[in-house]
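Values below: every heavy atom of this structure, side chains too, minus hydrogens, waters and symmetry copies. In listed order, ligands and their atoms are each counted from 1. Model, not experiment: these values are computed from the prediction.
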Amino acid sequence: HFSFFPGNPRWPASKSHLTYAFGRRTRADAITPVERAFRTWAANTHFTFSRTQDYRNADIKVSFHRGDHGDGNPFDGPGGTLAHAFAPTDGRFHYDADEPWSVGVVQGAYHLETLALHEIGHLLGLDHSSVEGAIMFPTFAPGEAKGLHGDDIQGIRALY
Ligand code: TQI
Ligand code: CA
Ligand code: ZN
Ligand code: ZN
């Protein structure tokens with residue numbers, strides 16, 4: 001079953017349209033998979049998303065970092081943590097630049113779009129789910145691709 005963060009943080013009702021922007025050092029090949037993940041969430045929730053070039057004022061900021069990058073949650077090189085995102089309404093979504101990322105499903109690499117679906121779930125207020133098959137279920141293996149599950153969609157509908 002889906003779950004929320006302590007205190008159920010969420011985006012205000014007045015904010016169903018969220019903008020996102022990519023940081024300077026974003027791999028060019030990550031943009032399409034992240035955009036696809038936003039489109040999937042938009043198709044299944046009341047949220048709409050659009051990309052902006054105005055990084056400073058974007059609601060959601062997607063970027064790649066390695067090691068200590070100044071937010072108190074340092075990345076750890078290859079392995080371990082792959083990415084992280086913060087609960088509403090922070091909006092930061094960071095990929096660990098030291099991981100093997102892939103646009104398609106590639107053995108030994110992490111699927112950018114699947115990771116984005118999971119981290120956007122956190123950005124919108126979902127914590128981890130106990131339902132195997134949910135995008136918020138806490139397992140993720142290289143070479144694996146997943147989509148949204150009914151449990152993820154029910155979670156967002158319950159929160160908003
Ligand atoms: N990154 C963790 C994650 O996204 C970071 C994290 C742990 C976190 N607890 C959190 C972020 C609570 C927000 C709220 O879950 S990770 C998984 C999973 C990771 C882990 O790189 O370890 C997935 C990334 F769920 F399998 F553990 C993607 Cl799917
Ligand atoms: Ca890592
Ligand atoms: Zn970070
Ligand atoms: Zn997670």
Determine, counting only non-hydrogen atoms of the protein, whether one lies under 4.0 angstrom from atom 6 (C) of ligand 1.
no
Counting only non-hydrogen atoms of the protein, does one fall under 4.0 Å from atom 28 (C) of ligand 1?
yes
Excluding sequence neighbours, so at least two apart, what forms salt bridge (charged side-chain N to carboxylate O under 4.0 Å, His left out) with D90?
R92
Please indicate whether any nitrogen or oxygen in [X] is less than 3.5 Å from any nitrogen or oxygen in ligand 1.
X: P138; result: no
X: H84; result: no
X: L115; result: no

Option set D76, L82, T139, D127, criterion heavy-atom distance to atom 21 (O) of ligand 1, minimum
L82
Under-2.8 Å neighbours of the Zn ion (ligand 4), protein N/O/S atoms only:
3
Among N, O or S atoms, H94 approaches the Zn ion (ligand 3) most closely through ND1
Starting from the Zn ion (ligand 3), look over the N/O/S atoms of D71 and name the nearest one.
OD2
Under 4.0 Å between heavy atoms, the region of E119 that gets near ligand 1 turns out to be side chain
Please identify which atoms of ligand 1 are closer than 4.0 Å to at least one heavy atom of F137.
25 (F)
Give the atom numbers and elements of ligand 1 that come within less than 4.0 Å of a heavy atom of A85.
11 (C), 13 (C)
Check ion pair K15-D59 (N to O, under 4.0 angstrom)
yes
Ligand 1 contact by F5, heavy-atom criterion under 4.0 angstrom
yes
Would you say I120 ends up clustered with V103 if hydrophobic residues are merged whenever their side chains have heavy atoms under 4.5 Å apart, either directly or through other cluster members?
yes
Parallel, tilted or perpendicular, judged at 30° and 60°: which one describes the rings of F86 and H94?
perpendicular
